[in-house]
Amino acid sequence: MLEGLVVPGRFQPLHEGHLHVFRYALERAKMLYIVVGSAQESFTLKNPLTAGERIVMLEKALEEDLGGGWHSRIRIYPIMDINMNKVWVRYLEQLLPPFDGVVSGNELVLALFEDAGLEAIRPPLYRRGECSGTIIRRRILEGNPGWRSCVPRSVVEYLDSIGFTHRIVRLAKHE
Ligand code: NAD
């Protein structure tokens, strides 16, 4: 069992694939550090939600999936991107508690952690044909309610409460 693993993501929006990555990481480390990446981004088609909204969404989904005890093993950090990939892992080391490596399917993230001499663990894919932020955002634009089957119930309720589908449609008109 490792001491700590980082799980970076944009969570635009959070879906069942992300929850599978969290469960996979929790089997391998005592502590999980979820990085809400690209924290400076919001109100764009690729990154419609703010970092704060993504944190609320994560807290609701973790509570639904793992119960109230998740706080003892998981921490959430909003982190802005930097223009220097080579030192991104060192930047995370400055902002997070000590960690052994990362769990990610993102090739750049895996490459940067390997380069830094840390663990770079690739999780298995889960329903990738539908559980993907890109596909969910596209389905919303097409008016296809199928996206809801991939998103935890508490997150669907939250997204409805902040007018998420309406936001995406408006952003598409703007861009
Ligand atoms: P994402 O929300 O698309 O995915 C998060 C994680 O979930 C990834 O590991 C992805 O592989 C996994 N995943 C998604 N769908 C899945 C499924 N169906 N089954 C299993 N796993 C699934 O987020 P992302 O784009 O990977 O986030 C990386 C973040 O790190 C971004 O914010 C990026 O900007 C940031 N980053 C920043 C720098 C820098 O600042 N220089 C460098 C590298 C990465």
Side-chain angles (χ1 to χ4, degrees), residues 2 4-29 32-62 65-66 70 74-96 99-140 144 146-152 155-156 158-159 164 168:
L2 297 166
L5 283 169
V6 179
V7 181
R10 286 182 300 108
F11 311 112
Q12 292 284 9
L14 181 137
H15 54 68
E16 297 288 348
H18 295 132
L19 290 178
H20 274 254
V21 178
F22 299 154
R23 287 187 214 120
Y24 186 81
L26 281 170
E27 287 169 11
R28 285 158 182 78
L32 213 66
Y33 304 122
I34 299 178
V35 163
V36 176
S38 307
Q40 77 284 2
E41 299 284 346
S42 68
F43 282 80
T44 67
L45 264 185
K46 189 178 175 194
N47 290 294
L49 296 162
T50 67
E53 288 167 338
R54 290 179 274 158
I55 289 172
V56 172
M57 201 172 48
L58 278 158
E59 289 174 342
K60 287 182 182 293
L62 291 169
D65 199 46
L66 304 170
W70 69 267
I74 303 178
R75 293 185 196 150
I76 304 172
Y77 300 87
I79 305 282
M80 293 198 278
D81 292 334
I82 53 169
N83 263 332
M84 298 170 286
N85 281 335
K86 172 72 180 173
V87 295
W88 183 61
V89 178
R90 300 298 170 224
Y91 167 66
L92 295 181
E93 282 176 335
Q94 180 173 325
L95 299 172
L96 272 52
F99 51 77
D100 302 289
V102 75
V103 176
S104 176
N106 179 314
E107 288 302 333
L108 172 61
V109 169
L110 290 168
L112 294 177
F113 271 76
E114 263 179 44
D115 182 70
L118 297 177
E119 300 276 344
I121 303 168
R122 186 193 298 274
L125 287 174
Y126 174 78
R127 290 167 63 196
R128 190 58 181 158
E130 43 184 345
C131 294
S132 130
T134 307
I135 292 169
I136 289 170
R137 297 192 304 273
R138 194 180 66 222
R139 283 185 167 173
I140 289 174
N144 178 348
W147 68 271
R148 291 169 182 267
S149 73
C150 234
V151 177
V155 173
V156 170
Y158 175 65
L159 292 175
F164 181 62
I168 298 237

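Each ligand, and each atom within it, is numbered from 1 in the order the structure gives.
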**OP:** Using atom types as modelled and distance alone, determine if a side-chain donor or acceptor of Arg54 lies under 3.5 Å from a backbone N or O of Gly37.
**Re:** yes
Original post:
Where does the angle between the aromatic ring planes of Tyr77 and Tyr33 fall among parallel (under 30°), tilted (30 to 60°) and perpendicular (over 60°)?
Top reply: perpendicular
Original post:
Does an N or O anywhere in Cys131 fall below 3.5 Å from an N or O of ligand 1?
Top reply: yes
Subject >> Short N or O distance, Ser104 and ligand 1, threshold 3.5 Å exclusive >> reply: yes
**OP:** Taking the side chain as every heavy atom from C-beta outward, state whether Glu41 and Gln12 have any atom pair closer than 4.5 Å.
**Re:** no
Original post:
Nearest protein heavy-atom contact for atom 27 (O) of ligand 1: which residue, which atom, what distance?
Top reply: Gly9 CA, 3.3 Å
**OP:** Check Trp88 against ligand 1 and report side chain, backbone, both or neither, counting heavy atoms closer than 4.0 Å.
**Re:** side chain
Original post:
Any donor-acceptor pair under 3.5 Å linking the side chain of His18 with the backbone of His15?
Top reply: yes
Original post:
Can you tell which part of Leu108 has a heavy atom less than 4.0 Å from ligand 1: side chain, backbone, both or neither?
Top reply: side chain
Original post:
ligand 1 and Leu125, any nitrogen or oxygen pair closer than 3.5 angstrom?
Top reply: no
Original post:
Between the candidates Ile82, Asp81, Val21, Asn106, which shows the shortest non-hydrogen contact distance to atom 33 (C) of ligand 1?
Top reply: Asp81
Subject >> Phe11 and Phe22 aromatic ring geometry - parallel, tilted or perpendicular at 30°/60° bounds >> reply: tilted
**OP:** Closest by any non-hydrogen atom to atom 23 (O) of ligand 1: pick that one out of Glu130, His20, Arg10, Lys46.
**Re:** Arg10
Subject >> Side-chain donor or acceptor of Asp100 paired with backbone N/O of Gly4 under 3.5 Å >> reply: yes
Original post:
Based purely on interatomic distance, does Gln12 place a nitrogen or oxygen under 3.5 Å from a nitrogen or oxygen of ligand 1?
Top reply: no
**OP:** State if Pro124 counts as touching ligand 1 under the rule of any non-hydrogen atom under 4.0 Å.
**Re:** yes
Original post:
Looking only at heavy atoms, is any part of His18 under 4.0 Å from ligand 1, and if so is it the side chain, the backbone, or both, or is it neither?
Top reply: side chain
Original post:
In the protein, which heavy atom is nearest to atom 14 (C) of ligand 1, and how far is it?
Top reply: Arg128 NH1, 3.3 Å
Original post:
Of the backbone atoms (N, CA, C, O) and the side-chain heavy atoms from C-beta on, which set of Val7 has a member under 4.0 Å from an atom of ligand 1: side chain, backbone, both, or neither?
Top reply: neither
**OP:** Using a strict 4.0 Å cut-off to heavy atoms of Asn85, name the atoms of ligand 1 that fall inside it.
**Re:** 38 (C), 39 (C), 41 (N), 42 (C)
Subject >> Pairing of Arg122 and Glu107 as salt bridge, 4.0 angstrom limit >> reply: yes
Original post:
After noting the C-alpha distance and the side-chain angles of Val35 and Val7, does the key distance pass the side chain to side chain contact (heavy atoms under 4.5 Å, CB included) rule?
Top reply: CA-CA 6 Å; Val35 163; Val7 181; over 6 Å; no
**OP:** Just need the protein heavy atom nearest to atom 18 (N) of ligand 1, so name the residue and atom and give the distance.
**Re:** Tyr126 O, 2.6 Å
Original post:
Among the heavy atoms of Met80, does any lie under 4.0 Å from an atom of ligand 1?
Top reply: no
Original post:
For ligand 1, does Leu112 get within less than 4.0 Å through its side chain, its backbone, both, or neither, judged by non-hydrogen atoms?
Top reply: side chain
